[in-house]
Amino acid sequence: MSTIREPVVIHKGLDNVYVKESKICYIDGEASKLFYRGYSIEELASHSTFEETSYLLIYGWLPTESQLDQFTGKLESYRVIEPRLLDLLRKLPPKSDPMDVLRTAVSALGVYDPQPATDDLDARIDKALAILAKVPTIITAFQRLRTGSDPIPPKGHMTQAGEFLYMLTGHEPDPHDVHVMDVALILHAEHEMNASTFACTVTASTLADMYSVITSGIGTLRGPLHGGANEAALRTVLDVGDPSNADSYVVDALTHKKRIMGFGHRVYKTWDPRYLILKKLGEELAVKKGQTKLFDTALAIETSARKHLEGTPIFPNVDSYSGIVFHMLGIETDLFTPIFVMSRISGWTAHTIEYLEANRLIRPKALYVGKIGLPYPPIESRSGKPQE
Ligand SMILES: CC(C)(COP(=O)(O)OP(=O)(O)OC[C@H]1O[C@@H](n2cnc3c(N)ncnc32)[C@H](O)[C@@H]1OP(=O)(O)O)[C@@H](O)C(=O)NCCC(=O)NCCS
């Protein structure tokens, strides 16, 4: 029997496929520019806070003082996690990957919500904010449990960045560390129609609840080509160990067609503007924390990679220094991607709500290239191999 073939173009990877109009984020990958709702990432990193940026992304405008107070008050009121969820975290194997734990915990939040589903967009935002506020509590509770300590409840009157660092250690965090963390959260909050945002949008387009939407995003962000790259980039720097080893590492990797983690991007064909901000923060932090060798090793990898990749559009991305920054803040490597979630929920929510304002179920097509009309064979005459 013949195969069905249609005269179509397949967009594997969906490069340059537009799925909606959007007013949330603009990236100029050729000019190293990124804007959230029209404001440049440099302006937001210099003047805004993660809470204010989240408001901007989700509602579309920079909040007034009272709008911001209400918003942060809401996040604060949602931050505590209920005992049932803590019990669940206690029962998970301590060796679990924190991203698996986070995915499970966010999904469980939906089970504990007596009314997880709603068609009302404001109610959807409210549920997303509750998840956003609880994620630092979940991550830090699991981190403490797996290292044999008791979880620490939120202190209150602190930002997402401050609460995270406080609940991790139980100590009042250093204000400069909180600032660095806050900027890192701003930089990771949104990035147009990336893989995890698309996954959230697909799930939302079926009118599934926000717990399912955000769980889809977490599952998609987990992979090493997306959110997991910051962990891989730091591991590379730690393995290389010294600036003098950087060039041989890069040459060896490129000779064996291995990717340098923290390099390359589907959209940026030049410097990722977030990388430039994080590199500066990382340099300052390295001096402050006495970890200049780590920073210098990352710098040597970057310099060597740029030399050997000259003439290609492969430049350092946000992940080349984010892992180093988190490491210098004393955060375990496998918590980096969960931190990304702690920030990106804002962008996922903004896109989900924007899409649902004029929803259409997302249902692309696959071009069938197999056979049709095959006679059904009795079990004893099957080859047990793929069809030719
Ligand atoms: C992010 C990424 C998946 C985007 O890739 P993409 O747009 O799909 O580009 P491709 O995977 O098609 O790569 C195109 C070419 O560049 C090369 N390339 C891409 N990223 C590279 C990297 N980090 N190191 C070395 N070579 C790289 C590929 O090997 C490929 O070369 P080829 O054409 O000779 O086979 C890719 O750059 C990557 O894997 N980077 C490392 C992981 C990372 O840092 N991810 C975080 C993104 S924010």
Side-chain angles (χ1 to χ4, degrees), residues 10-18 25 27-30 32-34 36 41 45 99 184-199 217-240 246-279 282 297-327 333-334 336-344 347-348:
I10 295 180
H11 296 279
K12 200 157 178 200
L14 301 183
D15 305 37
N16 297 320
V17 173
Y18 292 84
C25 178
I27 307 169
D28 185 338
E30 306 288 336
S32 190
K33 296 276 176 227
L34 168 63
Y36 294 171
I41 196 67
M99 276 300 273
L185 293 182
I186 292 174
L187 300 182
H188 287 86
E190 161 58 14
H191 213 228
E192 207 229 51
M193 197 46 72
N194 54 82
S196 57
T197 303
F198 184 56
I218 295 173
T220 310
L221 191 72
R222 195 186 186 312
L225 297 188
H226 192 4
N230 53 15
E231 299 183 13
L234 173 71
R235 287 199 175 98
T236 302
V237 178
L238 293 175
D239 286 350
V240 170
D247 200 54
S248 56
Y249 164 78
V250 169
V251 170
D252 186 65
L254 294 178
T255 310
H256 292 94
K257 293 258 165 218
K258 281 202 251 156
R259 290 181 181 218
I260 316 285
M261 286 294 143
F263 273 75
H265 200 276
R266 181 61 67 79
V267 183
Y268 293 113
K269 298 305 167 197
T270 177
W271 312 101
D272 178 336
R274 303 166 301 171
Y275 137 85
L276 292 167
I277 298 167
L278 272 172
K279 184 176 170 183
T297 306
L299 196 59
I301 295 173
E302 180 195 332
T303 309
S304 168
R306 276 306 303 144
K307 182 176 79 186
H308 295 293
L309 291 168
E310 202 181 342
T312 73
I314 305 166
F315 284 77
N317 61 47
V318 65
D319 292 321
S320 58
Y321 286 94
S322 58
I324 292 168
V325 165
F326 294 143
H327 180 79
T333 308
D334 62 2
F336 298 172
T337 317
I339 291 172
F340 196 159
V341 174
M342 191 168 111
S343 157
R344 186 54 64 84
W348 290 340

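Atoms within a ligand are numbered from 1 in the order they appear, just like the ligands themselves. These numbers come from a predicted model, not from an experiment.
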Could you tell me whether the side chain of H256 and the main chain of D252 form a donor-acceptor pair under 3.5 Å?
-> yes
Quick check: does K258 get an N/O under 3.5 Å from an N/O on ligand 1?
-> no
Can you tell me which residue and heavy atom of the protein come closest to atom 4 (C) of ligand 1, and the distance to 0.1 Å?
-> R266 N, 3.8 Å
Residue, atom name and distance, where the atom is the protein heavy atom closest to atom 22 (C) of ligand 1 = I260 N, 3.6 Å
Lys/Arg-Asp/Glu bridge criterion (N-O < 4.0 Å) met for E231, R235 | yes
Stepwise, does the side-chain contact (heavy atoms from CB on, under 4.5 Å) test hold for R344 with N194?
-> CA-CA 11 Å; R344 186 54 64 84; N194 54 82; 3.1 Å; yes
Do the non-hydrogen side-chain atoms of I277 and Y321 ever get within less than 4.5 Å of each other?
-> no
Is atom 15 (C) of ligand 1 less than 4.0 angstrom from at least one protein heavy atom?
-> no
Check D319 against ligand 1 and report side chain, backbone, both or neither, counting heavy atoms closer than 4.0 Å.
-> side chain
Check whether any side-chain heavy atom of R306 lies under 4.5 Å from a side-chain heavy atom of P316, and answer yes or no.
-> yes
Which protein non-hydrogen atom lies closest to atom 42 (C) of ligand 1, naming both residue and atom, and how far is it?
-> M261 SD, 3.5 Å
Where is the nearest protein heavy atom to atom 48 (S) of ligand 1: which residue, which atom, and how far?
-> H265 CD2, 3.5 Å
Nearest protein heavy atom under 4.0 Å from atom 8 (O) of ligand 1, yes or no = yes
Heavy-atom contacts with G264 under 4.0 Å: which atoms of ligand 1 show up? List them by number with element.
-> 1 (C), 37 (O)
Verify the neighbour count for atom CG of N16: are there more than 12 heavy atoms of other residues, nucleotides or ligands below 6.0 Å?
-> no
Flag the pair H191 / Y268 as yes when their ring centroid distance falls below 6.0 Å, and as no otherwise.
-> yes
Between atom CD1 of I41 and atom CG of L276, what is the distance when rounded to the nearest 0.5 Å?
-> 12.0 Å
What do you reckon, does I314 have a nitrogen or oxygen under 3.5 Å from a nitrogen or oxygen of ligand 1?
-> no
Nearest protein heavy atom with distance in Å, relative to atom 47 (C) of ligand 1 | N317 ND2, 3.6 Å
Residue K33 excluded, over 12 heavy atoms near NZ under 6.0 Å = no
S343 side-chain N/O to L185 backbone N/O, donor-acceptor pair under 3.5 Å | yes
Going by distance only, is there an N or O of G262 that falls short of 3.5 Å from an N or O of ligand 1?
-> yes
pair T236-Y249: side-chain heavy atoms closer than 4.5 Å = yes
If you count the atoms of ligand 1 from 1 in the order shown, which ones are under 4.0 Å from a heavy atom of A229?
-> 43 (C), 44 (O), 45 (N), 46 (C)
protein heavy-atom neighbour closest to atom 34 (O) of ligand 1 works out as K257 NZ, 3.9 Å
Determine if the distance from atom 11 (O) of ligand 1 to the closest protein heavy atom is below 4.0 Å.
-> yes
N or O pair under 3.5 Å between L309 and ligand 1 = no
Among all protein heavy atoms, pick the one closest to atom 41 (C) of ligand 1 and tell me residue, atom and distance.
-> F263 O, 3.3 Å
Nearest candidate to atom 38 (C) of ligand 1, where distance is taken over non-hydrogen atoms, out of H226, R259, H191 = R259
Ignoring hydrogens and angles, tell me if any N or O in the side chain of N317 forms a donor-acceptor pair with the backbone of G264 under 3.5 Å.
-> yes
Does atom 45 (N) of ligand 1 have a protein heavy-atom neighbour under 4.0 Å away?
-> yes
